[in-house]
Amino acid sequence: MSLLEVKSLEVRFGHGEKQVQALYGVDLSIDAGEIVGLVGESGSGKTVTSLALMGLLDPKSAEVGGTAVLDGAPLWDERGRRRPRSKVPMAMVFQEPMTALDPVFTVGSQLVETLRVRRAMGRRQARAEALELLEAVGISDPTARMRAHPHELSGGMRQRVMIAIALACEPKLLIADEPTTAVDVTIQAQLLDLIRGLARERGMAVLFVTHDLGVVAETCDRMITMYAGRVVERGPVVEVLAEPAHPYTAGLLSALPAAAERHARLATIPGRVPPPGTEITGCVFAPRCSHRRDVCDQPQELLPHGDGREVRCIRASEIQFEGVQV
Amino acid sequence: MKFFKVAGLSLASAIPTLLLATFIVFFLQRLIPGDPAVAIAGDYATPENLARIRADLGLDQPLFAQYLTWAGNAFTGDLGTSFQSGESISALVLDRLPITLILTTMALLVSILIGLPAGVLAAQKVDTSFDRFLTTGATFGIAIPNFWLGMMLIIVFSLGLGWFPGPGGVRFADDPGQAMFGLVLPALALGLVGAAEICRQVRSAMVENLSTDYVRTHRAKGLSNRSIVWKHALKNSSLPFATIVGLQVSRLIGGAVVVEAVFGLSGIGSLAVEATNQRDYGVIQAVVLIAAVLVLATNVIVDISYRLLDPRIS
Ligand SMILES: Nc1ncnc2c1ncn2[C@@H]1O[C@H](COP(=O)(O)OP(=O)(O)O)[C@@H](O)[C@H]1O
Ligand code: SF4
Ligand SMILES: [Mg+2]
């Protein structure tokens, strides 16, 4: 059994007439130590998936269905009652380093309190461990940084602190939601190295959320493409990128600089992701797909496509897409 | 160390305001119609008499010279003598000040001890009937005039139920315990409006903070709801809290005049009322000056707490 097993995860927002569905039966599995990329354009439902797993959607407005088992224990029971977050070996790094840290507490105190809650450490022990964590995420002069407030740190540094806080939870699964989107390219490369290194070192699995296939190519073992709240393709990164099976994955891929060079322009997929609540009967991607035929008007299922791959497109085996070698 | 630096900065920035306040206090006084010399000597005084009184009081000096003398004396604690009683104004004020200070402090405690927890609880239960009950209560509370609330409290709790002594009050020097007890109703009358105001401000600041990204981070790392609300969101709400408390202090000092009158307390507010009736300019000036200093001192304290509470303000 995998470390994380998610079955038909559904999320609905709102109540009664105005209720809209954001996730449609998402299945996910991640093995221990594995890095899985979750990709899709903005609005595909990546963050909603992450927050649903973390239990961070507001229960007053969001309804979560399906099952999720982490390390042998369900994250919530049949009645939707969640295991206390402090007991679940899972942590999350968020996209916005500028706002995700508490502005009026020091870096040290935010780390120390995490260790005290998560690992029942005494003050002194927690302090020592906090210093080690800051060092582990590549922060120089950790003793001085402990006393710093978030606004005194650069975006990249804050993201390192966020990672240290996540590590303080001793997660078996780390969810990283676009952790490098808000920082510049050099810092982005450093953070990716860091996350990959930490995952290997600590045997930690990572669900790496990104809209950037380049990042997936560099960082992940397997990848899942999401579109309009559904998984549309999944498989090992090397194979999917070498030969994408879903027109949507192929479209994302042609927007990569490497692919764009060959075509002398940066391709984009026309149109945009339908928001939750959009009425769709056939293939969800059909309105934007240049390979659409009459067969596409029926609901599409996620079907096996070769070894260890799945794709939600009835024409997948008829069409050949150009991929990239990674 | 940081504290002294911060306190020094805040104090320094208050000095120009203080000077301006003394200016206004002094010159406004001179704009009020009516001649103090006439007030002292009576309507039938001879011109020579009036001239002598003016010379005694320094009223024949140029205005600015009068200001300098007055401000200089005030700075050393000499507020002059009362035209009416001939007593030292400093002594008069010192005699009346304690009761007003205790009253306003108690009222401020009432405001904070009720307003703060009510605001936090309402924010936690935002949009429930509990929240709506509190916010509606607070909206009404803000609209209630001090004097009316004071009279209601007297009618119900001292005249009706007899739980508290009636208006008049015990002098502080005679029986401090009894005097404090007698200040409970006035403090409620003065402080409840502030409680409502603080409740509203704290609620909205807390609601805003509880929906921020950093609170989501705290939840993600497994902090208890109690710690998130009472430690993190509350500390992040401390700027609006300090602001509203500062405003309340100014309001309390003004409101004390009315409440002291309703409850027959001889504090500095009632001193001001008496002095106004008797055209005792020196005393009025002194009271206004003290009020200005108190408000300024509050602003300094609020400013210091800003700088200490929020690391982003340097
Ligand atoms: N709390 C919410 N209430 C209603 N709609 C939401 C909420 N959160 C997200 N959505 C919608 O769900 C869709 C998926 O969002 P999200 O998961 O954030 O996308 P992304 O893949 O960019 O992370 C978007 O259309 C978004 O507007
Ligand atoms: S099913 Fe048809 S419309 Fe949908 S992605 Fe495949 S080819 Fe395009
Ligand atoms: Mg997102």
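In what follows, chains carry the letters A, B, and so on, assigned in the order in which the sequence lines appear, proteins first and then strands, with residues in each chain numbered from 1.
Residue contact with chain B, scored on non-hydrogen atoms closer than 4.5 Å, involves the side chain of A/Leu51 exclusively. Heavy-atom distances place both the backbone and the side chain of A/Val104 under 4.5 Å from chain B. Neither the backbone nor the side chain of A/Met98 has a heavy atom closer than 4.5 Å to any heavy atom of chain B. Proximity to chain B involves both the backbone and the side chain of A/Gln110, based on heavy atoms less than 4.5 angstrom apart. Interface residue A/Ile165: only side-chain heavy atoms are found under 4.5 Å from chain B. For A/Lys60, the part lying under 4.5 angstrom from a heavy atom of chain B is the side chain only.
Residues A/Asp102 and B/Asn236 are in side-chain contact: their nearest non-hydrogen atoms beyond the backbone lie under 4.5 Å apart. A 4.5 Å side-chain heavy-atom check between B/Lys221 and A/Val117 finds every atom pair outside the cut-off.
Residues A/Glu113 and B/His232 bring a donor and an acceptor atom of their side chains to less than 3.5 Å of each other.
Counting heavy atoms of neighbouring residues, nucleotides and ligands inside a 6.0 Å radius, atom CH2 of B/Trp230 exceeds 12 of them. Applying the 6.0 Å contact sphere to CZ of A/Arg147 captures no more than 12 heavy atoms from other residues, nucleotides or ligands. Atom CZ of A/Arg116 sits in a crowded spot, with more than 12 heavy atoms from other residues, nucleotides or ligands closer than 6.0 Å. Counting heavy-atom neighbours within 6.0 Å of A/Lys46 NZ, excluding the residue itself, gives a total above 12. Within a 6.0 Å radius of CZ in B/Phe130, other residues, nucleotides and ligands contribute more than 12 heavy atoms. Within 6.0 Å of the NZ atom in B/Lys125, the count of heavy atoms belonging to other residues, nucleotides or ligands does not exceed 12.
Looking at B/Arg312, its side chain never comes within 3.5 Å of a backbone N or O of A/Pro103 through a donor-acceptor pair. Between the B/Thr217 side chain and the A/Ala100 main chain, a donor and an acceptor come within less than 3.5 Å of each other. Looking at B/Arg219, its side chain never comes within 3.5 Å of a backbone N or O of A/Leu56 through a donor-acceptor pair.
Between B/Asp213 atom CG and A/Leu101 atom CG the span is 10.0 Å, to the nearest 0.5 Å. Annotation: the span from B/Arg216 atom CZ to A/Thr99 atom OG1 amounts to 7.5 Å, rounded to 0.5 Å. Here the straight-line distance linking atom CZ of A/Arg85 with atom OG of B/Ser224 works out to 11.5 Å at 0.5 Å rounding.
A pairwise comparison of heavy atoms in A/Ser86 and B/Gly222 identifies CB-O, 3.7 Å as the closest pair.
Ranking A/Met54, A/Lys87, A/Met162, A/Arg118 against chain B, the residue ahead of the rest is A/Arg118, based on heavy-atom pairs under 4.5 Å. Heavy-atom pairs under 4.5 Å with chain B were tallied for A/Glu96, A/Glu152, A/His151; the largest tally goes to A/His151.
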